[in-house]
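Below: the structure, in structure tokens.
Counting convention: from 1, in listed order, for ligands and their atoms alike.
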Amino acid sequence: MKQLSVAIDGPAGAGKSTVARQVAKQLGLTYVDTGAMYRAITWKALTNGVDLTHEDAITQMAKNTDLRLSMDVKGSDVWVDGTTVSEEIRSPEVTSNVSTIAGQSKVREVLVDKQREMGRRGGVVMDGRDIGTHVLPDAEVKIFLTASIEERARRRYQEMVRRGFKVDLEQLKKEIGLRDEKDKNREHSPLRPAEDAIHLDTTGLSINDVIGRILQYCRTNVGSGE
Ligand code: CDP
Ligand code: CDP
């Protein structure tokens with residue numbers, strides 16, 4: 001029997017990965033961080049000096065990359081060709097370049113194929129921008145997470161400081177706003193809620209509040225998949 005699939009989409013800093021990881025853990029499902037996949041390809045292109053605007057070169061590179069995700073207690077680990085790059089893919093440089101490759105349809109096709117393969121039998125909580133609309137349109141639970149730009153920037157600022165990066169809050173807010181605009185307005189699989197998604201504004205909500213609401217929704221509407 002196909003297991004439960006949960007799609008969580010939304011803009012940067014809405015809390016998708018934090019919440020998705022915990023929901024997956026509580027329901028005994030696998031967490032798939034699709035943003036990490038776009039980041040990993042961006043990191044590899046930057047590291048190898050590949051022109052990020054050269055769609056065919058990036059697509060070829062994505063096809064030839066051994067990209068693996070694994071989940072542990074701290075978070076998701078990302079492996080590129082056998083090397084772990086979990087920290088590197090969160091750098092400001094990768095963050096400010098990722099939407100360039102995320103706008104390329106051929107690159108998206110390669111990564112979406114991998115994502116669908118991971119979600120083929122269900123049993124996943126997958127987060128990103130186009131999961132409910134495009135990657136897993138038949139997911140039983142679809143959540144669209146949002147929060148005000150001020151709160152999302154504040155959360156990301158605190159996270160970057162914790163990770164040891166030097167960042168400026170106002171600058172971060174500008175960059176998040178810019179990336180959201182690019183993600184919303186791109187031609188291929190833009191960021192938008194699926195018609196059947198539940199909208200959850202997390203401004204002022206704690207992580208546990210958000211996790212609790214999503215778990216309750218999973219349990220009362222479709223059974224837990226446990
Ligand atoms: O963690 P944060 O929300 O800042 O970003 P992320 O989820 O790691 O995603 C990084 C970027 O990858 C996004 O800004 C999108 O440009 C792209 N992305 C996408 O296009 N489609 C997805 N399913 C996931 C991420
Ligand atoms: O994946 P996405 O970019 O949507 O957000 P995230 O990386 O899960 O969350 C960004 C930061 O906000 C993390 O440091 C979380 O701990 C924090 N967060 C929060 O403070 N309150 C929430 N309700 C959700 C996340």
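Distances below 4.0 Å separate heavy atoms of A102 from the following atoms of ligand 1: 16 (O), 17 (C), 20 (O). Interface of S206 with ligand 2, defined as ligand atoms under 4.0 Å from a residue heavy atom, comprises 23 (N). Taking every heavy atom of A12 and a limit of under 4.0 angstrom, the matching atoms of ligand 1 come to 3 (O), 4 (O).
The heavy atom nearest to atom 13 (C) of ligand 2, considering only E159, M160, R154, R129, is found in E159. When the heavy-atom distances from atom 12 (O) of ligand 2 to R162, R21, R155 are ranked, the shortest goes to R155. With atom 23 (N) of ligand 1 as the reference point, the heavy atom nearest to it among V94, D33, D130, D9 is part of D130. Residue G35 holds the heavy atom nearest to atom 6 (P) of ligand 1 of all those in G15, G35, G103.
D180 contributes no side-chain N or O that, together with a main-chain N or O of P11, makes up a donor-acceptor pair within less than 3.5 Å. Looking at T202, its side chain does come within 3.5 Å of a backbone N or O of T146 through a donor-acceptor pair. A donor-acceptor distance shorter than 3.5 angstrom exists from the side chain of E140 to the backbone of S5, with no hydrogens or angles considered. Using modelled atom types, one side-chain atom of T203 and one backbone atom of S148 make a donor-acceptor pair closer than 3.5 Å. For D66 (side chain) and D81 (main-chain N/O), no donor-acceptor pair under 3.5 Å exists by modelled atom type. The backbone N or O of A102 sits nowhere less than 3.5 Å from a side-chain atom of S99 that would complete a donor-acceptor pair.
Not a single N or O atom of D127, backbone or side chain, sits closer than 3.5 Å to an N or O atom of ligand 1. Considering both main-chain and side-chain atoms, V19 never comes within under 3.5 Å of ligand 2 through any nitrogen or oxygen pair. Backbone and side-chain nitrogen or oxygen atoms of S99 are examined, and none is located within less than 3.5 angstrom of a nitrogen or oxygen of ligand 1. Annotation: V210 places no N or O atom under 3.5 Å from an N or O atom of ligand 2; distance criterion only. Between R179 and ligand 1, an N or O atom pair is found at a separation short of 3.5 Å. Looking at T202 next to ligand 2, no N or O pair under 3.5 Å apart turns up.
Salt-bridge check for R108 with D130: passed, with a basic side-chain N closer than 4.0 Å to an acidic carboxylate O. Using a 4.0 Å cut-off between a side-chain N of Lys or Arg and a carboxylate O of Asp or Glu, E159 and R156 qualify as a salt bridge.
In this structure, A14 counts as a contact residue of ligand 2, since one of its heavy atoms falls inside 4.0 Å of the ligand. By the 4.0 Å heavy-atom criterion, K182 is excluded from the residues contacting ligand 1. In this structure, P11 has a heavy atom closer than 4.0 Å to ligand 2. Within the 4.0 Å heavy-atom cutoff, K16 counts among the residues contacting ligand 1. A heavy-atom separation below 4.0 Å is found between R156 and ligand 1.
The protein atom (non-hydrogen) at minimum distance from atom 8 (O) of ligand 2 is T18 OG1, 2.5 Å. Scanning the protein heavy atoms around atom 21 (N) of ligand 1, the nearest turns out to be R108 NH2, 3.0 Å. Protein heavy atom at the shortest distance from atom 24 (C) of ligand 1 is T34 OG1, 3.4 Å. Remark: minimum distance from atom 1 (O) of ligand 2 to any protein heavy atom is reached at S17 OG, 2.7 Å. The nearest heavy-atom contact from the protein to atom 16 (O) of ligand 1 is D183 OD1, 2.6 Å.
Residues meeting the side-chain hydrogen bond (donor to acceptor under 3.5 Å, both in side chains) test with Q115, sequence neighbours left out: none.
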